[in-house]
Q: 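If you scroll down you'll find the structure; I have some questions about it.
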Amino acid sequence: MSSSEERYNFAASEPKWQRTWAAGNCFAAEESSTKPKYYVLEMFPYPSGRIHMGHVRNYTLGDVVARYKRAKGFNVLYPMGWDAFGLPAENAALERGVHPGVWTRQNIGVMKGQLAPLGFSHDWAREISTCEPAYYKHEQKMFTDFLKAGLAYRKKSWVNWDPVEHTVLANEQVVDGKGWRSGAPVEQRELSQWFLKITHYAEELLQAIETLDRWPDKVRLMQHNWIGKSEGARVLWPLQDAAGKATGQSLEVFTTRPDTLFGASFCAIAAQHPLAVQLAEGNAKLGDFLTECAKVGTSTAAIETAEKLGFDTGLKAEHPFIPGATVPVYVANFVLMAYGTGAIFGCPGHDERDMEFARKYGLTVKCVVAPESDDVAAFTRKLEAGNEAYTGDGVIVNSDFLNGLKVDPAKRAAIEKLESLGRGKGTVQYRLRDWGVSRQRYWGCPIPIIHCEKCGPVPVPDKDLPVTLPEDVTFDIPGNPLARHPTWKHTTCPTCNAPAVRETDTFDTFFESSWYFARYCSPKLADRAFDRKQAETWLPVDQYIGGVEHAVLHLLYSRFFTRALSDCGYFDLREPFDGMFTQGMVCHETYRAADGAWVEPGDVRKEGAAAVRVTDGVAVTVGRSEKMSKSKKNVVDPQAIIGTYGADAARLFMLSDSPPERDLEWTDAGIEGAWRYLNRLWRLAGAASQIQTGPVPATLDAGPAAVNRQIHRTIAAVGDDLEKFRFNSAVARIRELTNALADLDRKTVGGDAVYRYGIEVVTRLVSPIIPHIAEEVWQMLGFTTLVVATPWPEFDPAQLEDDVVTLAVQVNGKLRGTISVAKGADKAACESAALSLPAVQKLLDGKPPRKVIVVPEKIVNIVAA
RNA sequence: GCCCGCUUGGCGGAAUUGGUAGACGCAACGGACUUAAAAUCCGUUGGCCCGUAAGGGCCGUGCCGGUUCAAUUCCGGCAGCGGGCACCA
């Protein structure tokens, strides 16, 4: 054998099989089929221009599922496309003077070229790109349908403004008070914006989380908290002026603690509250205060250090339960206009914030809740004198008709009373807010609206869609090029024909990703977003795979969109993703030179425990493993790995080293281990190819018989592992079987037959994981069909268990030996076999055991006297 | 601050209805083959202790306690790490 044949030649093999699969159209989803359907989807990539290890891990997971499900007889839809609108394209335009469209489409070409050698089984005939009018015209139609259905609206509102990117951000896109991409502190501005009414579905989105039992608990919990349901009451407080005369107005506050109303000592309203704005007109000092409040940042640091500030309006609010009693009304910087009614009542005794505020402005502190077991008088004295609010459970005190009730019944009683007095009502409040979709950017889907002076904002009629982006734009100055385009925005009103202007804002890019999974069902359809029958056939997605960073944003928006589209008659579906899997990040050690500069892995040589920079021999410190990032230079380029070891080795390592939901540490040693396995399989298969294929004979020596049973057990276990995303465990079991086959004595009776059969099974089991070498081996074994077209192997249930089982024998819970008994042996037989063990006899020392526990097929535990 | 998750050898991890802890892999060490290297193959590898040896004993799944014949697994408390939300009334 020449040396070139001793090692698996991935460089020749991998492209060959990729061509074969493409030529055979092996991965096309069937439009109509008698097979059950299975839709596997990965979160589609942004065309940044470069495939990174995170993509490789994501698509490897999806590809294994897709290939496994095809082998199991499913009609699999496994599409790929491009989330092609977004800011980096505009930044590239700004920096390099290249048009965002040109840059994006070039990147798509480059990335397709980088994905090809990885051998993923995507159905490229269904490729979509969201920046093409053929795609986005359908979402313009959706938006106009949402308008008709009352699910989209325009309002002037305070918005998160990113001063670096010159655009508005959704609440979900503000992280720690900073823009999620720019990292710049977000400012508050008042603008007219388009909103989607996601809050209309707040309760349904919350309730339905419970039904998503194939989603990670973590993601479900995050959405649950994000929607943030609070039950409480709205309470009306009639207002009096400083002279004690009723103004005729009432202040409405929201509270989750109506049980503490008797402890109220003030009301406070947000700086943006209409009442505050109205009062400021005649009060310059208050005006200054409101300006001051608007300036306070929303960053973590700002919030933590921000002092509670208040401004006494001089107004008094009448207590709902205590006739004649009033509390002062403040404007306070910590009250949020966007939550509840933008007004609160303060109960300092039982709310930390209110306590801080009360102490600062000398307001009363009244104890109305006391822990059940405490002495009420003593507890009250301590609370009212101190600076600590009591927020725990207990019994209501000092509260008239609520006295003696526990917190929860008191809440109900207070609400009942409010309702009977006409002074308030029980209500549910959500933290979730409507989704602002307007962005002051060029590279996005134009919002199909025309502003007419007479008619107001008018939706672009269906016949005029799509509203396409103009190509001739400039990026030499910040801001939205659409707004300053000389001609594009000028048009006529569809209603009255008068001169009018187009909306120059574009949609948030999460708009595109909220329905792309439906577009894949009929990606070329021109007149509609998707074919209803196709969508209802394929959806929901059976297995969605992506990063946890989209747990709230994309996944919640998609759940909303699915409901909104259903309610607009597009299809009948509530949940888009039946199964969701969030994969871990790909990490790598970090390296730093003495001067603090990060050093790339390729430039580091390990010398025992120490490491040096190859280029100049300078010592580098090895830091902890962190997510691969350009800034820390700890990235490993997939292209380079594939060039050295091939796609299969990279795939095998990614799947075998860590469970897929956990972070994966990329190591050179790990990929080399994977590469060694490929060659091992290659050599073992070479030997197997010398043996005729055929059924395993009925009569086998003990060795082959045991391996034969292991083959069947492995088929069962690997199938189970793949179903449950335990890919690392599946790989381990396949390696165990491979080891057993390598160790099998083939000279025994049935040795050759079991060996040959075992190698065939291993080849089929590894085919979803390392598909190229699987094809190569399959061919080498003499098969003329493709392994991708071969069904998943069946196991014989009769072969799953041994005739003889090994039981552990414990004395007082400690392992003292094992016994082998026939399968199905009765308890008495197990007990006597265990008791006859010398080690057991010795410990019993002639005395009878106190008790013997026999768990069939598992264990015997002897409790010594 | 509130909510959630995790913690197992030198390392990644297995043990998923409580039942032989450390599968599988990596690293390391020893050996075989080779002029040599690579590749490959064989062996050892949780800690401590007794024994020349064969072999045997004790401890061990972050820490403390509990339930149980039996706990990595269940319960209570604590610590460390990670994540989500954060002036949400």
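These numbers come from the heavy atoms of this one structure, side chains and all, not from hydrogens, waters or symmetry mates. To find a chain, count down the sequence lines: A is the first, B the second, and so on, and within it residues start at 1.
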Q: Please report the distance, rounded to the nearest Å, between CZ in F334(A) and C1' in A89(B).
A: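 Whole-Å distance recorded here is 8 Å.
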Q: If I take atom CG in residue L432(A) and atom P in nucleotide C88(B), what distance separates them, rounded to the nearest angstrom?
A: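 Result: 17 Å.
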Q: Using atom CD1 of I862(A) as one end and atom P of U20(B) as the other, report the distance to the nearest whole Å.
A: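 Atom CD1 in I862(A) sits about 16 Å away from atom P in U20(B).
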Q: Quick one: label S230(A) by what it contacts on the DNA or RNA (base, sugar-phosphate, nothing), any heavy atom closer than 4.0 Å.
A: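 Touches sugar-phosphate only.
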Q: When all nucleic acid strands are considered with a 4.0 Å heavy-atom cut-off, which category describes K814(A): base, sugar-phosphate, or nothing?
A: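 Answer is sugar-phosphate: K814(A) comes under 4.0 Å of backbone atoms only.
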Q: So what does R735(A) touch, heavy atoms closer than 4.0 Å: a base, only the sugar-phosphate, or nothing?
A: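 Touches sugar-phosphate only.
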Q: Are the side chains of S656(A) and F727(A) in touch, meaning some heavy atoms are under 4.5 Å apart?
A: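 No - every pair of side-chain heavy atoms lies 4.5 Å or more apart.
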Q: Verify the contact: side-chain N or O of N739(A) to OP1 or OP2 of A23(B), cut-off strictly under 4.0 Å; return yes or no.
A: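 For A23(B), OP1/OP2 do not have a side-chain N/O of N739(A) under 4.0 Å.
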Q: Measure from the side chain of L221(A), starting at C-beta and using heavy atoms only, and say which of C3(B), C41(B), U20(B) lies closest.
A: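 Among the listed nucleotides, the one closest to the side chain of L221(A) is C3(B).
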Q: If the P atom of A89(B) is compared with that of A14(B), how far apart are they to the nearest Å?
A: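 Approximately 39 Å lies between the P atom of A89(B) and that of A14(B).
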Q: Among the nucleotides C87(B), A23(B), G13(B), which one has an atom lying closest to any side-chain atom of P659(A)?
A: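 Nearest to the side chain of P659(A) among the choices is G13(B).
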Q: What nucleotide among C85(B), C69(B), C26(B) has an atom nearest to a side-chain atom of A669(A)?
A: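 Given the options C85(B), C69(B), C26(B), the side chain of A669(A) is closest to C26(B).
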Q: What is the distance from CG of N812(A) to C1' of C58(B), rounded to the nearest Å?
A: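 N812(A) atom CG is separated from C58(B) atom C1' by 16 Å.
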Q: Quick check with a 6.0 Å cut-off and a 45 degree axis cone: is R431(A) positioned over the face of W226(A)'s six-membered ring?
A: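 Yes, R431(A) lies over the aromatic ring of W226(A).
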Q: Counting side-chain heavy atoms from C-beta on, which of A21(B), C24(B), A14(B) comes nearest to A732(A)?
A: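 When the side chain of A732(A) is considered, C24(B) is the closest of A21(B), C24(B), A14(B).
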Q: Measure from NZ on K218(A) to P on G5(B) and round the result to the nearest Å.
A: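 Taking NZ of K218(A) and P of G5(B), I get 11 Å after rounding.
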Q: Only one of Y361(A), W237(A), F357(A) clears ring-ring contact (aromatic ring centres under 6.0 Å, His included) with F266(A); which?
A: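 Of the listed residues Y361(A), W237(A), F357(A), the ring-ring contact (aromatic ring centres under 6.0 Å, His included) partner of F266(A) is F357(A).
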Q: Name the nucleic acid region contacted by R816(A), choosing base, sugar-phosphate or nothing; use a 4.0 angstrom heavy-atom cut-off, strictly under.
A: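 Sugar-phosphate, no base atom in range.
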Q: Counting side-chain heavy atoms from C-beta on, which of C87(B), C69(B), U20(B) comes nearest to V863(A)?
A: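 Nucleotide nearest to V863(A)'s side chain: C69(B).
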Q: Expressed in angstrom and rounded to an integer, what is the separation of E661(A) atom CD from G82(B) atom P?
A: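 That distance rounds to 19 Å.
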Q: A14(B) P sits how many Å from N728(A) CG, rounded?
A: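 Rounded to whole Å, this separation is 5 Å.
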Q: Within the modelled atom types, does a donor on one side and an acceptor on the other bring the side chain of R662(A) and the base of C6(B) under 3.5 Å apart?
A: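 Flag unset: no donor-acceptor pair detected.
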